[in-house]
Amino acid sequence: LRRGEGTDTNRLDAYPFEARNEGLLSAPGGNVTLAGYLATNAAGAVISATTASNRPGSITIQARDFGGLAAASTTGSSTTAQGFRFGEATLGQGSLLSVTAETGADQVVFNTATAAFEQSRLYLIGAAVRFQADAVVRAPAGGIRIAGDLPERVYPSNATSGGRLQTLLMEAGSVIDVGGLKDLTA
């Protein structure tokens, strides 16, 4: 439904959408995206991806949806800009987001003439990003972006959306780890 295409009691912006992982989401050599006004990796849940020299892995937790509002405004912990609402991204207690290097036959190879290594990426996007106790985000030698909106190169059609990160909360024991890779061969 879009504004004007339903009754006032049945509008899209009246209901927040939630994307929630309560188990294991895995994408070897790929991407996992969890997107909704509320985006949650529940307590103890795992989202993982892997990176190889020719296939960068990525994870995106994006607390944003189309709320049907055209004017930019800020209310509480949500931001609306150009029709998008930015909500809350939550990493539940003891949950894990992990983008690691592949091993074995298709292992990561650095500084070769035939393949440029592309860095793993992990995005946490929302007006509020919350790490509950003991939540872990791990991307060895990767890039992590915690922000109100995705950068232009990732989401070019919404480069000027105006989303703002208003709250970043890291509870006791939560970890962001981008320590380097070891034991890899060139």
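Remember, it's a predicted structure, so these values are computed and weren't measured experimentally. What's counted below: heavy atoms across the whole structure, side chains too, no hydrogens, waters or symmetry copies.
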Practice prompt. Over all heavy atoms of both residues, which pair between Asn41 and Leu96 is shortest? Give the atoms and the distance, please.
Written response: ND2-O, 3.4 Å
Discussion item. When you measure from the side chain of Glu171 to the backbone of Gln132, do you find a donor-acceptor pair of N or O atoms at a distance under 3.5 Å?
Written reply: no
Item to complete: Compare all side-chain heavy atoms of Val137 with those of Ile146 and state whether any distance is below 4.5 angstrom.
Response: no
Discussion item. Quick one: does any side-chain atom of Thr51 pair with a main-chain N or O of Gly57 as donor and acceptor, under 3.5 Å?
Written reply: yes
Item to complete: For Ser48 and Val32, work out which heavy atoms get closest and say how close.
Response: O-CG2, 3.9 Å
Worksheet item: Where is the tightest heavy-atom contact between Arg130 and Thr167, given as atom of each residue plus distance?
Response: NH1-CG2, 3.7 Å
Item to complete: For residues Ala42 and Ser95, report the shortest heavy-atom separation together with the two atoms involved.
Response: O-CB, 3.4 Å
Fill in: From Gln62 atom CD to Leu34 atom CG, the distance as rounded to the nearest 0.5 Å
10.0 Å
Worksheet item: In Å and rounded to the nearest 0.5 Å, what is the CZ to CD1 distance from Arg64 to Ile125?
Response: 9.0 Å
Discussion item. If I take atom CZ from residue Arg145 and atom OG1 from residue Thr60, how far apart are they, to the nearest 0.5 angstrom?
Written reply: 11.0 Å
Worksheet item: Do Leu168 and Phe131 have side-chain heavy atoms sitting under 4.5 Å apart?
Response: yes
Discussion item. Is it the case that the side chains of Arg121 and Gln119 hold a donor-acceptor pair, with the cut-off being a distance below 3.5 Å and no angle test?
Written reply: yes
Item to complete: Specify the closest pair of heavy atoms between Gly92 and Ala135, including all atoms of both residues, with the distance to one decimal.
Response: O-CB, 3.6 Å
Worksheet entry | From CD (Gln166) to CD (Glu88), nearest 0.5 Å | 11.5 Å
Item to complete: Using a 4.5 Å cut-off on heavy atoms from C-beta on, say whether the side chain of Leu97 contacts that of Leu124.
Response: yes
Item to complete: Identify the two heavy atoms, one from Ala45 and one from Asn21, that lie closest to each other, and give their separation to 0.1 Å.
Response: CB-O, 3.4 Å
Item to complete: Let me know which of Thr33, Ile59, Val46, Ile47 forms a side chain to side chain contact (heavy atoms under 4.5 Å, CB included) with Leu25.
Response: Ile47
Worksheet item: Does Val136 share a hydrophobic cluster with Ile61, counting links as ILVMFWY side-chain heavy atoms below 4.5 Å and allowing steps through other members?
Response: no
